[in-house]
Asks: 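Shown below is the structure under consideration.
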There are 2 protein chains.
Amino acid sequence: MTSMAPSRTEHDLSFLLDHTSHVLRTRMAAALAELGLTARMHCVLVHALEEERTQIQLAEIGDMDKTTMVVTVDALEKAGLAERRPSSTDRRARIIAVTEKGTEVARRSQEIVDGVHTAALGSLPDKEREALVRALNRLVTGHLETPAEAPQPVRRARERS
Amino acid sequence: MTSMAPSRTEHDLSFLLDHTSHVLRTRMAAALAELGLTARMHCVLVHALEEERTQIQLAEIGDMDKTTMVVTVDALEKAGLAERRPSSTDRRARIIAVTEKGTEVARRSQEIVDGVHTAALGSLPDKEREALVRALNRLVTGHLETPAEAPQPVRRARERS
DNA sequence: TATTGTTATACTCTATAACTATA
DNA sequence: TATAGTTATAGAGTATAACAATA
């Protein structure tokens with residue numbers, strides 16, 4: 001969003017990526033909200049369906065904190081789309097089991113996600129679309145693979161009770 | 001970040017745009033931090049240098065709220081990079097004047113910004129780089145021009161004093 | 001001792017509301 | 001009445017710390 005260059009938006013990669021990802025995110029959020037889902041809920045549903053996975057594993061896949069995963073799974077349980085089940089091999093861990101209703105919702109939400117992506121990519125000429133996806137994949141696996149660590153502020157210890 | 005597709009990351013446009021923009025943003029923040037700047041501060045400096053502009057005008061350009069602009073200008077003043085000056089035509093408004101030091105810092109921060117962008121784009125083959133920029137510009141001015149409005153939550157009135 | 005999941009909470013960010021002074 | 005800038009603060013989002021159960 002923040003314009004990084006004086007009157008040369010066309011080559012401001014920061015602006016271009018921020019703007020497109022932000023707008024796409026709002027589109028996705030609005031589309032998924034029709035099913036009562038957030039992007040995170042969709043993400044968890046889809047990956048929990050693939051195979052038996054614990055909260056930690058799903059958090060890793062979705063690049064969420066484990067505490068964020070707790071509230072996401074809470075929401076899925078409350079909506080009747082998934083359930084926590086004890087792991088048979090590790091009594092600390094919970095397997096996220098997708099319900100029948102959750103399976104159906106995930107099928108529809110995946111259609112929505114694909115539709116939003118297809119609509120965006122479909123607005124581009126074939127050659128350009130292919131090059132865009134190729135270039136982004138090259139950046140994601142190459143020069144823009146890992147974030148620079150931010151100058152993190154310190155956090156005070158919690159008050160003892 | 002949130003993976004939107006089951007084991008098909010290569011075509012997950014949400015993931016690709018979110019990841020690249022996020023990583024680029026952290027790179028930019030880290031690089032600008034060396035000068036003691038945030039992306040917003042750089043943005044305001046650069047556009048305040050172009051011509052006489054008020055806070056509101058600069059907020060518009062940087063897509064910031066006017067209250068966010070207040071803290072950004074506070075930071076610039078505190079660092080001795082810019083000053084608030086009364087507008088000669090509207091006594092409500094403040095012109096953001098860049099100091100000599102601010103002018104020099106802006107020159108260097110623009111070099112940093114350009115360098116980060118050039119490094120990222122330089123990791124791509126020529127044809128792919130050109131197509132990426134063309135495709136992103138087409139999306140920004142076309143299908144992904146305007147955000148979908150989020151289902152905004154209500155805000156309670158402030159307590160009267 | 002380390003790890004999973006949980007709760008509680010602190011912190012950041014940003015937007016909203018109300019306000020002052022002008023227009 | 002409307003607008004520029006300010007202050008105070010609400011609210012969302014998320015990360016940190018501590019903890020209980022288990023490995």
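Worth knowing before you read on, the calculation uses all heavy atoms, side chains too, and leaves out hydrogens, waters and symmetry mates. Chain A is the first sequence line, chain B the second, and so forth, proteins listed ahead of strands; every chain is numbered from 1.
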Asks: To the nearest 0.5 Å, tell me how far B:Glu50 CD sits from B:Leu58 CG.
Replies: 9.5 Å
Asks: With a 4.0 Å cut-off, would you call A:Asp74 and A:Arg84 a salt bridge?
Replies: yes
Asks: Output yes when at least one side-chain N/O atom of B:Arg53 is less than 4.0 Å from OP1 or OP2 of D:dA4, else no.
Replies: no
Asks: What distance do A:Glu52 atom CD and A:Thr89 atom OG1 have between them, rounded to the nearest 0.5 Å?
Replies: 8.5 Å
Asks: Specify the separation, in whole Å, of atom CE of A:Met64 and atom C1' of C:dT4.
Replies: 17 Å
Asks: With sequence neighbours excluded, tell me which residues meet salt bridge (Lys or Arg N to Asp or Glu O under 4.0 Å) with A:Glu34.
Replies: none
Asks: For the atom pair NE2 (A:His19) and OG1 (B:Thr146), what is the distance rounded to the nearest 0.5 Å?
Replies: 7.5 Å
Asks: Which whole-number value in Å describes the distance from A:Asp65 CG to C:dT12 P?
Replies: 17 Å
Asks: Do NZ/NE/NH1/NH2 and the carboxylate oxygens of B:Glu111 and B:Arg108 come within less than 4.0 Å?
Replies: no
Asks: Which whole-number value in Å describes the distance from B:Ile56 CD1 to D:dA2 P?
Replies: 16 Å
Asks: Within a radius of less than 6.0 Å around CD of A:Glu100, do more than 12 heavy atoms belonging to other residues, nucleotides or ligands occur?
Replies: no
Asks: Reckon A:Thr54 touches a base, only the sugar-phosphate, or nothing at all at heavy-atom distances under 4.0 Å?
Replies: sugar-phosphate
Asks: Can you tell me how far apart CG (B:Leu24) and CG (A:Leu139) are? Round to the nearest 0.5 Å.
Replies: 9.0 Å
Asks: Under 4.0 Å, heavy atom to any atom of DNA chain C: which of residues 67-84 of chain A qualify?
Replies: A:Thr67, A:Val70, A:Arg84
Asks: From C-beta outward on A:Lys66, which listed nucleotide comes closest to its side chain: D:dG5, D:dA18, D:dA15?
Replies: D:dA18
Asks: From B:Gln110 CD over to B:Asp114 CG, what is the distance, rounded to the nearest 0.5 angstrom?
Replies: 4.5 Å
Asks: All N/O contacts under 3.5 Å from nucleotides 20-23 of chain C to the protein, with atom names and distances to one decimal?
Replies:
| unit_1 | atom_1 | unit_2 | atom_2 | d |
| --- | --- | --- | --- | --- |
| C:dA23 | OP1 | B:Arg91 | N | 2.8 |

Asks: Expressed as a whole number of angstroms, how long is the span from A:Asp63:CG to D:dA15:C1'?
Replies: 13 Å
Asks: What is the distance, rounded to the nearest whole Å, between atom CD of A:Gln55 and atom C1' of D:dA21?
Replies: 14 Å
